[in-house]
Amino acid sequence: MADNQFGSSADGVSRRKFIAATGALGTMAAAGCLGSANESSDTDPLTADGSSTVYPITNDADSLWNGNPPADDQEYWGPGQYGIDTDQNLADYWAGLYGFEPTEERSVPPFSTQVALSHSGTGVEGVINERVDIGDASSTAESILGSDHEELDNIVDHVVAVDGQPIVVSREIHDAGVTQVTGDELRAIYKGELTNWSELGGPDKEIYSVGRAEDSGTDTAFRSNLYGDPEEPIDPDTRKGQNQQVATLVEQNDNAIAYIALAFVEPDGATPPIGLELDGTLYEYGTNLGAKEYPLSRDLHCYTYDGTDKRESAFLNMILSEFGQTNFVEPNNYFKLPPERREEELSKLADQA
Amino acid sequence: MSQAASQTSRRTLSLVRTAMDLDRPSLFLVTAQILLIIGTFAGFVVQSTLTMLFLYGFLLAAAVGWVTRQALTAKVVTFLMTAATLSTLGLIGVFLILEAIPVVRHAGLDLIWPFGSNEWSSTQGQFSLVPMIWGTLLTTIVAIVIAAPFGVAGALFISEIAPDWLREIVKPAVELLAGVPSIVYGFIGFTIINPYVGNLLSINPGALFAIGLVIGFMALPTVISVAEDALSAVPESMKDGSMAMGATDWQTMKSVSIPTAFSGISAAVLLGVGRAIGETMAATVMISHSRRLPKPELYNAFDSTETLTTLIAASYGHVTPGELFWSALFAAGVLLMVIVTGLGIVSELVEQRMHRKLRGGQ
Amino acid sequence: MSDAYEVQLVDSGDTTYERSAIGVVVGSFGAFMLGIAALFGWVSTATYFGGVLLALGIATGMLGAVSRWGGVQTTPDRSSGLSAVLIQGFLWTATTGFVASNTLELGGLGWIVAVFVGPLVGALTLMTREDLGTTMPTAAFVGFVGITIMTGVISPSWTWEPTAFDAVIPGQLAIPLLMMVGGLLAGQSSAIAYDGFGTRGRQNGAFLLISLVVLLTLSVLAFLLVFVFERGITVVLENLTIGAGTALLLAAAALVVSVRIGHINPAAADGTDKIGSFVQLAVVTVLGLVALALAAAIAANHTISGDTVTIEPTSTVGALPGLLVGLVFLNILRRSSSPWSPDTDAGRTVARLIAVAVGAMTVLVFLEFLVGIELAIGGMAIVPIFALTVGGVSAIVAVATGGARVSGRTLPTWVPPLTWTGGVTVGAFVICCLHAVFTGSAVGGAVGIAANGAVDWPFVMNPSQGLGIQKGVMPAMVGTIWVVLGAVLFAVPLAVGAAVFLTEYAEDSLFTRAVDIATNGLWSTPSIVFGLFGLAFLVPRFGGNPSIFAAQLVLGFMLLPLVLITSREAMKSVPDEYRDASAALGVSKWQTIRSVVVPASMPGVITGVILGVGRIAGETAPLLLVLNGPNFPTSSPGILSSFMVRVSPQPPFIHVSNPALLERASALPYQLYAVITAGVGAEESFGWGTALVLLCVVLAFFAMGVASRRYFRSKLHQ
């Protein structure tokens, strides 16, 4: 062999030089294909974080925005269907309203967006600490932070949709006949006082009550609306961080009950909703969950800090438009904002260019 | 103690003498390097803008020293690297404790005192780590019940029973088991084990028992490798002597190898316990995160609560720096460090005793 | 130890007794496997399980009875020994207690009865001869359980609800568990009986149990790997499209490599080597067949597709795969190259020409990398044409040399050896591939090198989210690569430097002992604590957000003790003779370290680094806290292109920054966690695919580490 013990050869290419050369070549090749920096721009990406309830809306908006499909893509954009007269790409159009230069390239928006998933508490804290631009919350900032928090005056509340928070049970419980529950029974279940489905007309199984993390908007809204106090101590059998995990649990078990967001309800699938009887009125999915009087319904918020700047306005304008409400809110089963509320929200955005 | 003290004083004296023997430029370079790196570190800790300046200065001094006084620079730089390694553990301890202080001031001994309220409710300002400690204890017990006997049996197999060709297969296989990432175990536990156990036993998913089983399997390779090292360290002469007396292999193992290597085996089990306690991801995705003591009985391992590690991993997204919840997470971290370091020290001492016994016995 | 030990000096093979004992052992193993199969749901629990147990019990009892009264020559001890007593006593106490208090509804009274019965059985075991004492109580227990199951007292629909546990233990769980326990007991007893009781017999029993435990552990491992593979492989391979030319090149390369590293001579090998060489032969044949099939597909222009994997009959080769293969071939050629120092002038000129040509090609390609565009004169790209000429010439020479060697003719001395010309040809190929990579333009037409598009592997190459695309793990893989790379660059020099100091310079003192303790402490610290440390110390000082840089440092801290411990051992194992010899030659201490100790310990250090990387690549907990990227990222972090250097009047006057390093990102294990967090549901198959990729990456590192350790160890022992 040409190499002696220490990897250097008498003549010819030594092993060490060879490895070094290979490494250098490899790095150069990697640089050539791995480095995909944001060709887009000097504008920072728009970041959003927070509620798992609002996530389906903002995530759909984010993926469409970053895809920047052209105007003739009827499936994803097709502005003519919404009465919008333009042949610009999606993100180019919506950002162009606020003065951003179009890129006219698919998958390259004027500025990119990133939406993270945690829950409402993190979202609100994040937007206050300026860690993210938009903080999504499924409960008001007052209920999450406390009504005397000093930063409450500095955040702007943008409501993008309405969620009628239904109660869901496992498929087996629903099929066994438990299709509605009263407010008192629900209160007792989550306090740990009612423990068997047989007490509610169901099979003889333990009730597995699923809750959410303590400072998620869904949980805060639930407690606030059902018990009147957002800090009411309740005792669910388990607490999960996001709606998605709750849906998985309801599916995996045959004795679960949970409060969840509309986007995760499957009436014919694994998470069927049940009716809730409160103060004499029966609120049922598909009938009157969107009614203003349904105590468990809540607004879905996108908070911004210190006013709303151009990027945030461009993004939120898209969500609040007819296009956005039809493509992001409706498919996720949430309630679109009625036109008067939409006007109100649009007036909070920055002035268009 | 006095021996260590006299040793240290002798060393310092020799160090000073060496320093005085150096010529001016070398002394200058050495002091410059040491001072600059201390400056860099201090600047980094207090987040000053001068940090990078100090760093550049250090790099410059090191480069100059490398070119002019290479051997000396090498010695100083490697010494600084060693000091850095030493200081890492100290840094971890210090910063963890610093962040944990607020909650300790708020909750005091209630954090770990088992006879208080044992409530954990972040919205109501109650931070008792007792349910978490209890959860860790239960899962670790189940894990050790699996890992200890299986581990010792595996170690015996590898070191004594298996023929050479089988050993070549089993040893890497055990190391492979150690290499599987814990999140993969967690994923399997979440998608397969939790529903299966939940359906079979009609309990809520995430039983501490099932988690203990998974963690036990993860701690198993640690126990096997360390115990196997201990068993291989038993001198051949002792085993040969026993065989010469007419004992069978098994009798030799039972009455000679295992008692001799007992300290090593206990050290292995202790390390396995440490590994089980520190296991995070597999438990986090399987457990139910309801932060209370198990019902209806304290020892009900089929209930699902929370452990110290899962508390930290599951809450990371929910807390903002500075609030009490944040501080409580660090308190849990400090507790973990104390327990695991304690176990490590005990197993070190046990192993040292074994080495002394073996060496003294020859 | 040696009482009643009548050794048969001549073992005349297995007697009927021994054969029946083996039969019972096999039977109990079968019962054990039946129990496991029932637990997994492959077999449904039924009452015939009880029959199996009953048969086992009777058989075990027969073994003992025949030994005691049947005239078979065995060597039992006078008493059964303490461990058997304890086991039986515990077993009978528990069983009697459960039966009495639950089935017979005696409650606490039942346990009192048990406390009598158990020790009674223990005493009986103690007093009887070993052959009876080991088999009879076991037989009675197993038989009793068998009868219980057969008569339906414990049937598949039986339940037990202990109030303390709030769980329902069904017969479907109890029966398989009882089968396993019964199988174990009967197996142990019959294994003891096989060697005629006594010390030999007990050894057999113990070995059986231990081997079973190890078998169980290993089968769990195998099951895990197979399970993840089976669930994940369809997702990972979905819509994979590969050009036949590229596939052919890769298959050919694999063929060459496997022929080189294997000893394909089954006839001459023996033992395990024989099996190994057969395996190698099989691998080579398969690869050869695959290569033939691909060549045929190209020739016939026929697309091969199965499931969702497609092989297109293009004859172009992808640039990156070509680069990879070329480097592998170069390494092989370099290994087997012999020095060539020509004596004639002509020879020397040729050598110089080769060097100049190779050098020129390399410089041109490097220029192209720096400048970023294709160097061309009059519309014709220089580099490919130059490289093709050089490569073509050397290929012709190589073929001629090969032909000459085969036909036995001698060559003029100025013809370079085969390995050199072969090396130049492959080198030219590599240069062409590099050209394609750097400039993005293809080389050649229908037969040539394509710049990209040769391999389309959606799962590995796509981002995790985007309009209408198949989800992939590219951002996570890139994230893992960068984080691991950063950790290695941070930790390895630090650890190696510290190891050098500790082994060479420092003497045993308080300082070294403190470092030892600190290293051990760091090594056993839980990973989540490292994450907390990163959160508390690093994240606030690097922008206040989780970032790639913080993750690199945290994982570097985790890698530090691993590499430090292995480096120290590697340096300690460098024989002192090397250092002494070096000192004898008058070399200074530092020079010795630099040119003797460190290179000699490099193999051990490299092995340690590889194994350590394998470990940290799979760590999630610290990444949760300090990397915390989006769940389904839409793009990979672009780090190499984001470096910036500025000069400014404020301290520290020279700013080196890389904003991409301070962003959040995702990494492979984190991606898997994100799938679980986002609610597995629709994403479960994506999760399995990610798990498979993660497992493959970690196991690849691990395999490399083990292979390198074995390689270096064997080299050391030569």
- prompt: So, are B:R10 and C:E507 salt-bridged, with charged N and O less than 4.0 Å apart?
  reply: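 Here B:R10 does not pair with C:E507 in a salt bridge, since their nearest N and O are not under 4.0 Å apart.
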
Report the option among [options] that has the most heavy-atom pairs separated by less than 4.5 Å from atoms of chain B.
options: C:A691, C:G687, C:S527; answer: C:G687
options: C:L522, C:I169, C:V500, C:I593; answer: C:L522
options: C:L611, C:L502, C:L221, C:V213; answer: C:L221
options: C:N204, C:L225, C:L224; answer: C:L224
options: C:P561, C:A703, C:A498, C:P526; answer: C:A498
options: C:L218, C:T620, C:L216, C:V515; answer: C:T620

query: Should C:F40 and B:Y196 be marked as a ring-ring contact (aromatic ring centres under 6.0 Å, His included) after you check the CA-CA gap, both sets of side-chain angles, and the distance that decides it?
result: CA-CA 10 Å; C:F40 273 104; B:Y196 177 70; 7.6 Å; no

Is it the backbone or the side chain of [X] that comes under 4.5 Å from a heavy atom of chain B, or both, or neither?
X: C:V228; result: side chain
X: C:F701; result: neither
X: C:V220; result: side chain

message: Whether the B:Q251 and C:R202 side chains hold a donor-acceptor pair (N or O, under 3.5 Å, no angle test) is what I'd like checked.
response: no

task: Check whether any side-chain N or O of C:Q203 sits under 3.5 Å from a backbone N or O of B:T248 as a donor-acceptor pair, and report yes or no.
output: no

Is [X] in contact with chain C via its backbone, its side chain, both, or neither, using a 4.5 Å heavy-atom distance?
X: B:I224; answer: neither
X: B:I192; answer: side chain
X: B:A301; answer: backbone
X: B:Y299; answer: both
X: B:I203; answer: side chain

- prompt: Quick one: OG1 on B:T78 to CG on C:L494, what's the gap to the nearest 0.5 Å?
  reply: 11.0 Å

task: Can you measure from OG (C:S524) to CD1 (B:I345) and round to the nearest 0.5 angstrom?
output: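 C:S524 OG to B:I345 CD1: 9.0 Å, rounded to 0.5 Å.
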
Taking only distance into account, with no hydrogens and no angle test, what donor-acceptor pairs under 3.5 Å do side-chain atoms of residues 528-542 of chain C form with protein atoms, sequence neighbours excluded?
unit_1, atom_1, unit_2, atom_2, d
C:R541, NE, B:F44, O, 2.9
C:R541, NE, B:V45, O, 3.0
C:R541, NH1, C:F537, O, 2.7
C:R541, NH2, B:V45, O, 2.6

Chain C interface, residue from [options] that has the most non-hydrogen pairs under 4.5 Å:
options: B:V77, B:T341, B:L329, B:L200; value: B:L200
options: B:G278, B:A332, B:P181; value: B:P181
options: B:T284, B:L98, B:V174, B:I92; value: B:I92

query: Which residue pairs pass the salt bridge (Lys or Arg N to Asp or Glu O under 4.0 Å) test when at least one of the two sits in residues 78-96 of chain B, sequence neighbours left out?
result: none

Between [X] and [Y], is any pair of side-chain heavy atoms under 4.5 Å apart?
X: C:F501; Y: B:M81; answer: no
X: B:L89; Y: C:F557; answer: no
X: C:N520; Y: B:E348; answer: yes
X: B:T82; Y: C:Y505; answer: no
X: B:Q70; Y: C:R594; answer: yes
X: B:T85; Y: C:L560; answer: yes
X: B:V184; Y: C:L672; answer: yes
X: B:M253; Y: C:F207; answer: yes

task: Look at atom CH2 of C:W590 and say whether more than 12 heavy atoms of other residues, nucleotides or ligands are closer to it than 6.0 Å.
output: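 Enclosed: over 12 neighbouring heavy atoms sit under 6.0 Å from CH2 of C:W590.
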
- request: Can you establish whether the number of heavy atoms outside B:F217 located under 6.0 Å from its atom CZ is more than 12?
  value: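 Yes.
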
- request: Indicate the atoms forming the closest heavy-atom contact of B:A153 with C:V214, along with that distance.
  value: O-CG2, 4.4 Å

task: Could you tell me which non-hydrogen atom of C:P170 sits nearest to which non-hydrogen atom of B:L201, and how far apart they are?
output: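 C:P170 and B:L201 have their closest heavy atoms at CD-CD2, 4.1 Å.
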
query: How far apart are the C-alpha atoms of B:E175 and C:R709, what are their side-chain angles, what is the distance that settles it, and do they pass the salt bridge (charged side-chain N to carboxylate O under 4.0 Å, His left out) test?
result: CA-CA 13 Å; B:E175 288 182 39; C:R709 179 169 61 194; 3.0 Å; yes

- prompt: Is the distance between the ring centroids of C:Y673 and B:F190 less than 6.0 Å?
  reply: no

- request: Applying side chain to side chain contact (heavy atoms under 4.5 Å, CB included), run through B:L271 and C:W523 and close with a yes or a no.
  value: CA-CA 11 Å; B:L271 280 176; C:W523 181 76; 4.3 Å; yes

